[in-house]
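So that the names make sense, note that chain A is the first sequence line, chain B the second, and so on, each numbered from 1.
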Amino acid sequence: MAEFTDQIRQTFDFHRLVFRIGELSSMTGVSARQLRYWEKKELIASREREDGQQARVYTFKTFIKVSMMKYFLDAGYTLAGAAKQAQAREENVKHIHRFVSTGMKGFAMIDNQMAINLGAFDDTQTLMALLPDDGPIHYKLLPNDEAQRLTDASRV
DNA sequence: TTTCTTACA
DNA sequence: TGTAAGGA
């Protein structure tokens, strides 16, 4: 169980994932020149030197933003316009993430099936979503203490 | 090899 | 924005 949870956590742990300018460039189709220019314009806050080197490092978050800006740029927006649009979407992503992370209390294995703890159903019961390898998702109510015991306390 | 800054096209 | 120069 802990193994599975670790896998999930790693999958969602983008914080440690960083890119160099050449990598980000080929990933997004935005030239290194543009990336440096955008940075100077403060459209992307991606100057993060972790080590003593003077090479830029970009976070996954920046990758997302650059990708969005590229999208809007291709759609005909000006650079400033694209940045604004990307910023707006980024806010949405924050809200969605908050919603999801609030709703998901953790993972569990029930009857040998992957399950997600969706939180309190009422004062005594917790709602669990059971996800079989194949077939439809179904739900199950467990006493709070049992749900608590089965759930690996990890957050995404 | 890759990235950095500066400067010119 | 692309590209060249000259270092790191």
Rounded to whole Å, the CG-P distance (A:Leu43 to C:dT1) equals 10 Å
Rounded distance (Å) that lies between atom P of C:dG2 and atom CH2 of A:Trp38: 10 Å
Nearest whole angstrom, please: distance from the C1' of B:dC4 to the OH of A:Tyr58. 11 Å
Presence of A:Arg56 side-chain N/O under 4.0 Å of B:dT3 phosphate oxygens OP1/OP2: no
On DNA chain B, does the nearest nucleotide to A:Arg33 precede the nearest nucleotide to A:Arg20 from the 5' side, or the other way round? Give the residue. A:Arg20
Could you walk me through whether A:Asn144 and A:Thr126 pass side chain to side chain donor-acceptor pair (under 3.5 Å), step by step? CA-CA 5 Å; A:Asn144 286 337; A:Thr126 296; 2.6 Å; yes
Would you mind reading off the distance between A:Glu23 atom CD and B:dT3 atom C1', rounded to a whole angstrom? 12 Å
Using 30° and 60° as the class boundaries, would you call the ring planes of A:Phe72 and A:Tyr77 parallel, tilted or perpendicular? perpendicular
Quick one: label A:Arg36 by what it contacts on the DNA or RNA (base, sugar-phosphate, nothing), any heavy atom closer than 4.0 Å. base
Any side-chain heavy-atom pair of A:Trp38 and A:Val30 under 4.5 Å: yes
What's the OH-C1' distance between A:Tyr37 and B:dC4, to the nearest Å? 19 Å
Given atom NZ of A:Lys40 and atom P of B:dA7, what is their separation to the nearest angstrom? 11 Å
From C:dG2, C:dT1, B:dT3, pick the nucleotide closest to the side chain of A:Ala55? B:dT3
Distance in angstrom units between A:Ile21 CD1 and C:dG2 P, rounded: 12 Å
By the Watson-Crick or G-U definition, both distances under 3.5 Å, B:dT1 is matched with none
Nearest-Å distance for atom pair CZ/P, residues A:Phe19 and B:dT2: 17 Å
Quick one: does A:Thr151's side chain have a donor or acceptor within less than 3.5 Å of a partner on A:Gln148's backbone? no
